[in-house]
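See structure below.
Just so we're on the same page: letters track the sequence lines, and every chain starts at 1.
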2 protein chains.
Amino acid sequence: MNKDRCLKPATDEECRKAWLTLKDTMDIVGGKWKLVLISILRGGKFKFRELAKEAEISPRILSKELKELEMNGLISRTVLDTRPITVEYQLTPYSVSLNELISAMYDWGKIHRQKITGKP
Amino acid sequence: MNKDRCLKPATDEECRKAWLTLKDTMDIVGGKWKLVLISILRGGKFKFRELAKEAEISPRILSKELKELEMNGLISRTVLDTRPITVEYQLTPYSVSLNELISAMYDWGKIHRQKITGKP
DNA sequence: GCTATGGGTTACATAAAGGATACCATCCAA
DNA sequence: TTGGATGGTATCCTTTATGTAACCCATAGC
């Protein structure tokens with residue numbers, strides 16, 4: 001099917017698949033924190049508490065979000081043999097595949113803000 | 001700032017703005033129904049009950065989602081002078097500005113599914 | 001008046017997401 | 001043996017999102 005539009009010639013099944021794919025993406029980078037954490041991690045490696053402080057997120061939620069991002073191959077978790085141990089989180093090479101998407105979201109957000117505020 | 005990465009040289013303030021912009025976008029096209037409705041409306045005009053049936057969404061939620069999409073200029077609502085009156089919803093020309101974003105979401109969803117399932 | 005159609009709204013209930021706080025475990029150093 | 005650093009968990013609670021069912025309003029036909 002045409003990826004840009006779900007036009008009438010497409011079957012219902014094809015249309016459904018199209019937005020299921022969109023839904024998959026939303027499930028993985030949607031929610032309040034995923035893109036915030038990815039944005040922060042674009043700045044380099046962070047330890048658990050550093051991330052918590054940077055994002056102003058509670059440890060419970062941070063822990064959950066990091067697990068989900070790791071499960072989806074977007075970040076890696078490295079335990080360092082220090083005393084006491086420290087854990088570093090960083091983006092994986094695979095996470096680069098999100099660049100276009102994030103860029104598109106950022107661009108549209110700017111376009112839309114211009115439209116709403118009327119400012120250039 | 002560099003729109004692709006939030007690197008260390010950027011100030012905290014700039015980083016914050018970057019993900020606030022991402023958040024704006026998520027607020028408008030995120031959630032369970034927005035992209036589903038936009039996808040459906042790419043197929044043409046729909047009346048209220050047609051949309052409800054097509055998306056399998058309850059009238060209460062549909063009403064709310066349509067109002068939000070309309071407020072953001074993405075769809076238009078036209079009352080037709082029929083008996084009883086009917087109301088048509090359709091995408092606005094502005095909604096075309098979302099094409100790149102939706103395309104990027106769709107592409108990444110496919111890429112990611114391939115990675116997860118291992119299938120081509 | 002009774003019923004049907006189209007476009008919703010209201011009131012209520014449940015599910016999912018997010019947050020605050022305290023706490024646990026380990027290691028080490030004073 | 002007490003206390004700080006680090007990486008979390010456990011518990012409880014609030015807020016937001018979504019769902020269900022019934023209902024309201026106008027009009028038209030019978």
Evaluate salt bridge (charged side-chain N to carboxylate O under 4.0 Å, His left out) for A/E65 paired with A/K32, printing each intermediate quantity in order. CA-CA 10 Å; A/E65 300 288 308; A/K32 186 169 178 179; over 6 Å; no

Stepwise side-chain hydrogen bond (donor to acceptor under 3.5 Å, both in side chains) test for A/N72 and B/H112: CA-CA 9 Å; A/N72 283 303; B/H112 190 65; 3.2 Å; yes

Nearest whole Å is fine: how far is [N] [atom2] from [X] [atom1]?
X	N	atom1	atom2	answer
B/F46	C/dG6	CZ	C1'	17 Å
B/I57	C/dG8	CD1	P	13 Å
B/D81	C/dG6	CG	P	16 Å
B/K53	C/dG8	NZ	P	18 Å
A/L51	D/dT6	CG	C1'	14 Å
B/W33	D/dT18	CH2	C1'	9 Å
A/Y89	D/dT6	OH	C1'	11 Å
A/I61	D/dT11	CD1	P	16 Å

What does the B/S/- profile of nucleotides 20-30 of chain C look like, 5' to 3', with a 4.0 Å heavy-atom cutoff to protein? B------SS--

Student check: side-chain heavy atoms of [X] and [Y] closer than 4.5 Å:
X	Y	value
B/N99	B/V96	yes
A/V87	A/T78	no
A/W33	A/I61	yes

Nucleic acid contacts - residues 62-74 of chain A versus DNA chain D, non-hydrogen atoms under 4.0 Å: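 Contacting residues: A/S63, A/K67.
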
If you round to the nearest 0.5 Å, how far is CZ of A/F48 from NZ of A/K53?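 Rounded to the nearest 0.5 Å, the NZ-CZ separation comes out at 15.0 Å.
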
Is the backbone N or O of B/K67 less than 3.5 Å from a side-chain atom of B/E70, with the two atoms forming a donor-acceptor pair by type?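 Looks like no, no N/O pair under 3.5 Å.
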
Short question: side chain of B/T25, backbone of A/G109 - any donor-acceptor pair under 3.5 Å?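 Yes; at least one donor-acceptor contact below 3.5 Å.
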
Does the side chain of B/K32 get closer than 4.0 angstrom to OP1 or OP2 of D/dG19 through an N or O atom?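 Checking B/K32 against D/dG19: at least one side-chain N or O falls below 4.0 Å of OP1 or OP2.
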
Are there over 12 heavy-atom neighbours, none belonging to A/E68, within less than 6.0 Å of that residue's CD?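 Yes - once you tally the heavy atoms of other residues, nucleotides and ligands closer than 6.0 Å, there are more than 12.
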
Which residue lies toward the 5' end of DNA chain C, A/G31 or B/R77, if each is placed at its nearest nucleotide?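 The 5'-side residue here is B/R77.
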
Heavy atoms from C-beta onward define the side chain here; which of D/dT18, D/dG8, C/dG19 lies closest to that of A/V87?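 Nearest to the side chain of A/V87 among the choices is D/dG8.
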
